[in-house]
Each structure stands twice: as structure tokens, then as C-alpha cells.
2 protein chains.
Amino acid sequence: MKRPTIADIAGRAGVSRSAVSFALNDQPGVSEETRQRVLAVASELGWRPHSAARALRGGRAGAIGLALQRPARLLGAEPFTMELISGLESELSARSCGLNLQVVEDTEAEIATYRRWWAEHRVDGVIVLNLRDDDPRVGVLEDLHLPAVVIGGPAGTGTLPSIWSQDASGMTDVIEYLAALGHRRLAHVSGDPNMRHIVDRADALREVCRLRGLPEPLTVRADYSDEDSAQATRRLLAAPDRPTAIIYHTDLTAVTGLEVALEMGLSVPDELSLVAFNDSRLCRLVNPKLTALAHDIPGRGAQAARMLFAAIEGGPGADSQPAEPYRLLPRGSTGVYRTR
Amino acid sequence: MKRPTIADIAGRAGVSRSAVSFALNDQPGVSEETRQRVLAVASELGWRPHSAARALRGGRAGAIGLALQRPARLLGAEPFTMELISGLESELSARSCGLNLQVVEDTEAEIATYRRWWAEHRVDGVIVLNLRDDDPRVGVLEDLHLPAVVIGGPAGTGTLPSIWSQDASGMTDVIEYLAALGHRRLAHVSGDPNMRHIVDRADALREVCRLRGLPEPLTVRADYSDEDSAQATRRLLAAPDRPTAIIYHTDLTAVTGLEVALEMGLSVPDELSLVAFNDSRLCRLVNPKLTALAHDIPGRGAQAARMLFAAIEGGPGADSQPAEPYRLLPRGSTGVYRTR
DNA sequence: GACGGCCGTGAAGCGCCCGACCATCGCCGA
DNA sequence: TCGGCGATGGTCGGGCGCTTCACGGCCGTC
């Protein structure tokens with residue numbers, strides 16, 4: 001089977017290659033009659049533009065890039081990435097634009113990937129995840145003039161458009177909810193402090209507690225691993241003045257924390273309330289179900305894709321904007337705190 | 001910033017473009033001295049081949065394709081896909097080959113995607129997931145002569161190489177394990193009966209039970225959704241002659257089943273044992289932890305990638321082969337059945 | 001002096017797009 | 001009546017970056 005080219009269509013329709021090109025691209029320069037004839041022949045032959053030829057000619061690569069900086073074992077556990085991808089795809093496929101995926105080890109490798117994509121003309125733009133403080137990726141992308149949309153921010157994205165989650169306000173909602181339930185001693189299992197949104201949450205937590213006259217909240221770090229998450233919760237619960245509510249930076253971490261709490265003989269939510277950032281099915285699979293801060297991740301993916309297209313086309317619509325706010329979904333893991 | 005081309009290198013090195021091309025591609029036709037000089041200039045300029053130009057010239061697209069036929073909300077919940085991708089990537093990035101991802105609605109859309117990829121020269125080959133009976137994708141890929149590796153089989157893959165999981169033997173292991181624990185009334189929550197591996201498991205279950213003189217196992221279907229999984233388990237446990245052990249086609253389904261069983265007041269594993277196909281972190285997050293049949297998914301992805309490369313290059317190494325067998329990981333959800 | 005290796009150059013061409021050009025026709029003013 | 005002109009509908013050909021085939025000097029050898 002041979003792929004038909006424009007020349008084949010030209011031959012069959014009895015016109016020149018240019019005429020075919022004009023007809024296929026809705027350009028002026030051919031009569032309506034010729035255009036229809038060309039289109040008919042093209043669809044009969046099943047012609048599709050050769051993406052490489054188009055890209056070479058100086059046009060679009062017809063694909064965007066997504067570099068995932070995650071070890072293999074985590075990529076699976078975390079629903080975030082896949083939900084984001086499916087959201088991206090919903091917009092991409094509507095414009096028959098491809099998605100190039102690359103799993104990278106670290107930031108350095110990610111930057112190398114951007115440079116390679118740029119040099120090889122593989123993508124028209126990229127989506128950047130997990131913004132960090134002084135993120136070197138921003139400068140590189142700006143230098144390359146490679147269109148990009150950052151998921152994160154709003155600070156530190158340079159000239160790149162971004163879509164930022166309202167982490168401080170999400171955290172505030174949680175604290176107010178917990179405070180209303182009578183909790184005073186809060187704790188926070190936090191993530192990588194280099195991540196912008198992680199810092200935003202921690203800052204908000206301290207700030208709101210101070211304003212409301214609550215004691216300084218305990219904070220410990222945990223990565224996504226089982227052991228680390230369990231250890232973090234154990235440390236918090238072993239503290240002399242044990243917290244009555246714990247806020248986790250991830251559903252995964254929270255679920256592990258729940259197991260640990262139950263293991264240690266605590267009753268949830270009677271003696272301990274738990275809240276997770278990032279809702280997912282996981283939160284509903286455990287018992288009691290986890291109270292969570294939910295986000296429309298596929299929706300955000302779609303929004304990011306639209307912004308990226310706007311950035312690529314250089315038109316309007318590529319301005320930074322907030323994602324829709326977190327929604328607090330109270331479930332069985334949080335309850336009224338009764339002083340004993 | 002301008003991307004350097006071969007002509008730029010040629011100018012700087014004082015040789016013709018052809019010579020540069022030979023040097024960069026390790027072809028004979030240039031002296032060792034010239035080659036070194038060209039390579040030095042190339043790396044100084046940061047030259048990278050323009051992927052579109054190469055593809056146009058008739059070479060490789062430098063990417064493989066993966067079409068995911070899953071609704072958005074499932075893609076996130078299921079760790080399988082991401083683990084597979086990270087396995088694929090480990091091989092791909094070693095050869096600096098890209099991965100093209102596309103989320104599709106149904107088989108028809110998937111086939112359309114293959115045709116488009118082929119016509120647009122976007123990918124050099126594809127990975128096919130979830131083989132079904134009389135799968136139309138096989139014929140299409142054969143017709144297009146688009147190299148492909150099927151994850152599934154071994155039957156029904158036509159001339160396409162495949163890597164097949166040993167589902168019957170996995171199922172047999174489970175039954176023997178459960179039988180050894182004293183279970184006789186087994187049940188099976190099964191998946192889409194059009195999927196080859198699902199049928200293999202069901203067949204093995206019936207066959208082995210017959211051979212061992214166990215009663216005909218109950219079988220119900222459930223998709224990946226919460227409601228469906230819960231409903232399936234409820235139906236089984238409400239049956240007059242309740243099973244003492246249930247085998248689930250997915251960790252997700254099994255976790256939901258566990259919740260339902262606990263809700264219904266059954267003690268796991270004292271009154272009911274549960275086993276899941278597909279181990280994942282999910283199985284260790286619940287209480288009791290789920291006994292599961294584990295698979296090295298990233299490993300299989302890597303193997304599939306290697307086979308696909310072999311198929312693309314037309315060399316040897318593209319023969320169908322079994323994946324490594326399932327490993328049964330007994331955990332807290334299975335135990336001795338004591339007649340009451 | 002014919003011949004074969006070795007290095008290197010020139011040019012064609014992959015499929016597509018687009019700027020330059022050209023033929024035809026209708027219309028207008030001289 | 002006829003030349004000039006603009007609009008319309010089309011053709012020609014170059015070039016994007018890269019590979020590769022055909023060829024052409026140049027040297028050493030029989």
C-alpha cells in the first residue's frame with residue numbers, strides 16, 4: 001500500500017499540484033468547481049497530509065509535548081497524570097494534534113528533552129508540570145521561544161502563561177472547616193518544599209492558624225512512597241501533644257496515613273480527622289472514606305491545551321488564569337472533635 | 001534562536017553538505033580526520049537532525065504510537081497504563097524514540113488513528129492493547145504493513161508478534177492455592193468477555209474446578225466502575241450458597257468488593273477470601289491487604305518496545321513470546337476456610 | 001597508461017506550500 | 001476598434017533539511 005501524495009491527486013484531477021494544494025487548504029486561487037473535484041479525488045484516494053513534509057515546509061509539527069518527571073513506580077499509583085492527559089487529549093484530538101510523551105529522570109533531563117524537541121521540530125509547544133522555585137525550565141523555554149503553558153504558579157512563570165490552582169484558598173477552606181468542627185491542633189504532611197504549590201499551602205496553613213489563634217501547626221514531609229507516608233503519620237501521632245486533624249498533600253499519602261492511624265488503634269474520625277488534597281477514587285475505596293479537596297483535573301488539562309494552542313498561534317487567550325477553586329468534599333474521615 | 005542545519009556545519013567545517021551527512025551518520029566516504037572535524041563543529045553548534053526532514057526523506061518517523069481506548073475517569077484509576085508506558089519509555093528513550101499517545105473512544109476510532117498515523121508518517125509502529133476476539137485491528141495493521149506488537153494473545157494476533165500473559169496458568173495457581181486453604185465454592189468477578197485474556201481465565205477456572213471436582217464456579221461480570229463492582233460482589237454474596245472465595249479480574253474491582261464484603265458484615269478472610277488479578281499499590285493500601293496475582297508491567301512494556309523495534313527493523317527478535325508468569329502474592333485477604 | 005580505491009562534491013528528490021508568473025476574459029476609455 | 005487594465009483561475013518552480021546516487025579528481029599499482 002502506497003500513501004497517495006498531492007501529485008497523485010493532481011494527476012487524477014487533471015490540474016497542477018499547486019491547484020490541489022490551494023484546494024485542500026481552502027486557499028483562494030481555484031474555482032469552486034475545481035476545488036470540489038480535487039476534494040472528491042482526495043477523499044477517494046484517502047489522502048492525508050504527510051506530517052513530516054508539512055513540518056519541514058516550516059509549518060507546525062502537529063504535536064505537543066509532555067515530559068513526566070516521575071519514577072516508574074509512582075506514575076502508576078498517581079491518578080493525576082492520566083487524568084490530565086485525558087483532559088489534554090480531549091482538546092488535542094479535536095484539532096487532530098498529537099501528544100508526545102516522555103518520561104524523564106530529573107529536571108536536567110527534562111530540559112534536555114525540551115531542547116531536543118525544539119531542535120528536532122518535534123513539538124509545537126509543551127505543558128510544564130510541577131513548577132518549582134526558580135525553576136530553570138522557564139528560562140530555557142523562554143530562550144528557545146518554545147510555546148509553553150505552566151500548570152502551577154502564578155508566581156515564577158516568567159513570561160509563560162500559566163494555570164494555577166488556588167492552593168492557599170483551598171487550605172484556608174480546610175482549616176475553617178476543621179476549626180468549625182472543633183479542631184485546634186492541626187498537622188500537615190507536606191510534599192517537596194521546592195514545589196511552588198506545596199509552599200503556598202504551608203504558608204497559608206501557618207498564616208490562617210496564626211490569624212485564628214490556633215497553635216502553630218506541626219509539619220512533616222513525606223514523598224509519595226508507602227514507607228515515607230507511614231513514617232510521617234507515625235511521627236505526628238507519637239508527638240506529645242498529638243494533633244487531632246491531619247492534612248495530607250496527596251490522596252495516596254492520606255490513605256497510607258489512615259492505615260497507620262487505624263493500626264495505632266485510633267478511631268477515625270472520633271479521635272483523629274484526616275483530609276487529603278487531591279481527590280480520587282482511592283479516597284472512596286477506603287473505610288472510612290476520606291474527606292478530600294477535589295479538583296477537575298481533566299478540565300484543567302483541557303484548559304491548558306486551549307491556552308497552549310492560543311500561545312502557539314500567537315493570538316489572544318494565552319493569559320495566565322486560575323483553575324477553578326478546590327471543592328471540599330467532606331466524607332467519613334472528618335468529624336467533630338470532642339475534648340476528652 | 002535559529003536551529004543549525006547541515007549546511008551551517010558544512011560552511012564552518014569547509015566541506016560539502018554530503019560530507020557532513022556522511023560524517024554524522026557514520027557512513028564511509030569521508031576521512032577520519034574530516035569526520036572528527038565535522039563532529040566537533042556539529043556538537044559546538046548543538047546540531048540535531050531535523051526529525052521532519054529525516055522522516056520526509058523516507059527514513060523513520062522516530063516515534064511509536066499507543067492508542068488508549070479508555071474513558072477518562074478510568075485511565076486515572078488504573079495503574080496498568082502508566083506502568084506500561086514507563087516501561088516502554090525506558091527502552092524508547094535509550095534510542096531517543098518518541099512516544100505518541102492518543103486517547104480514543106472505541107475500536108473504530110482506534111483504527112482511524114492507526115490509518116492516520118500511517119498516512120501522516122507519524123509513527124514507525126504501534127503497541128496494541130487488550131486484544132479481543134476477531135479483533136479488527138489486527139487485519140488493518142497487517143494491511144497497512146504498520147509494524148505492531150500486540151499485548152495479548154497468543155491466539156488471534158494473525159501475523160503480528162505478541163507478548164501474552166499466561167492467564168490460564170495464573171488462574172490455576174489461584175485455584176490450587178484456594179483449594180489448599182479448604183475453599184470449594186469459588187466465584188469469579190470477570191471483565192469484558194470480548195477480551196481474549198478474560199475468556200482464557202474464565203475457561204481455566206471452569207476447567208480446573210471440573211478437574212478437581214469442585215462445584216461449578218459462579219461468575220458475574222463487572223466493568224471498572226465503582227457501582228458495577230460493588231453490585232457484582234453484592235450479587236455473589238447474596239446467593240443462596242454463598243461462595244467462600246472470590247477472584248476478581250482487577251485490583252480496582254477487588255478493592256471495591258472488599259469494601260462491600262466488610263459492609264455486609266463478613267469477616268475477611270475468616271468468612272470470605274478475596275484474590276485480585278493485577279497487583280498494585282492499591283492492594284496494599286486496604287485492610288486487610290489483598291492477595292494478588294502480580295505482573296511486572298513495566299518489564300512487559302520494555303519487552304514490547306524491544307520487540308517492536310525488532311519488527312520495525314525487520315530483523316529477528318520479533319517473535320511472539322509469553323510474558324513472565326503471574327506471581328501469586330498471598331496477603332491478608334485470603335485464609336483457611338473453616339466449615340462452620 | 002588503464003584501473004581501482006579513496007575522499008569528496010553536485011544534484012536530485014522526498015511531499016508540501018507559496019511567491020512569481022501567465023493566460024484569458026470582460027470592461028473601459030481613447 | 002483597439003489597447004490597457006484588473007480580476008480570475010490556474011501553472012511553474014524553488015526550497016524547507018536531509019540522504020544518497022552518480023560522478024570526478026587524485027593517488028598508487030600492475
Side-chain angles (χ1 to χ4, degrees), chain A residues 1-39 41-42 45-63 96 116-124, chain B residues 1-39 41-42 45-63 96 116-124:
Chain A
M1 245 177 124
K2 194 70 191 61
R3 296 146 173 99
T5 76
I6 273 195
D8 299 328
I9 302 178
R12 283 244 210 165
V15 290
S16 72
R17 283 161 27 218
S18 335
V20 174
S21 176
F22 289 143
L24 292 173
N25 293 292
D26 272 336
Q27 297 268 323
V30 288
S31 65
E32 190 52 32
E33 188 205 330
T34 311
R35 185 188 306 277
Q36 289 307 328
R37 191 161 33 121
V38 167
L39 290 178
V41 174
L45 292 181
W47 178 86
R48 304 240 62 203
H50 190 308
S51 66
R54 281 217 164 142
L56 181 58
R57 189 61 188 67
R60 302 279 150 72
S96 60
R116 188 168 60 79
W117 277 343
W118 173 81
E120 297 180 354
H121 286 254
R122 281 202 178 269
V123 301
D124 298 320
Chain B
M1 242 178 128
K2 193 70 193 61
R3 297 144 171 101
T5 76
I6 271 195
D8 298 329
I9 303 178
R12 283 243 210 168
V15 291
S16 71
R17 283 161 28 212
S18 340
V20 174
S21 176
F22 290 141
L24 292 172
N25 293 292
D26 273 335
Q27 298 271 322
V30 288
S31 65
E32 190 51 34
E33 189 205 330
T34 310
R35 186 187 307 277
Q36 289 309 328
R37 193 166 30 133
V38 167
L39 290 178
V41 174
L45 293 182
W47 178 87
R48 305 241 62 203
H50 191 308
S51 65
R54 280 215 165 142
L56 181 58
R57 192 58 190 68
R60 302 279 149 72
S96 58
R116 188 168 60 81
W117 276 345
W118 173 81
E120 297 179 354
H121 285 253
R122 279 201 180 271
V123 301
D124 298 320

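A, B, ... follow the sequence lines: proteins, then strands. Residue 1 opens every chain. What you see is a predicted model; the values in this text were computed from it and never measured.
Close to dG10(D), at under 4.0 Å from its OP1 or OP2, lies a side-chain N or O of S31(A).
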*So V38(B) and V30(B), side-chain contact (heavy atoms from CB on, under 4.5 Å) or not? Walk me through it.*
CA-CA 10 Å; V38(B) 167; V30(B) 288; over 6 Å; no

*List the steps, then state whether side-chain contact (heavy atoms from CB on, under 4.5 Å) holds for V41(B) with V20(B).*
CA-CA 10 Å; V41(B) 174; V20(B) 174; over 6 Å; no

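Remark: side-chain polar atoms of R3(B) are paired, donor with acceptor, to backbone N or O of W118(A) under 3.5 angstrom. Side-chain atoms of R35(B) come within 3.5 Å of backbone atoms of Q27(B) as a donor-acceptor pair (strictly under, hydrogens ignored).
Bending across the helix from dG1(C)-dC30(D) to dA30(C)-dT1(D), expressed as the angle between its end axes from five pairs apiece, amounts to 80° (10° rounding).
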_Strictly under 4.0 angstrom, non-hydrogen atoms only: write out the protein contact profile of nucleotides 15-28 of chain D, one letter per nucleotide from the 5' end, B, S or -._
BBBBBBB-------

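Interatomic distance, OG of S21(A) versus CZ of R57(A), reported as 9.0 Å (0.5 Å rounding). In this structure, CD in E32(B) is found 12.0 Å from CZ in R37(B), a value given to the nearest 0.5 Å.
Scanning both residues, S51(A) and E120(B), for their nearest heavy atoms gives OG-O, 2.6 Å. Minimum heavy-atom separation, D124(B) to A61(B): OD1-N, 2.7 Å.
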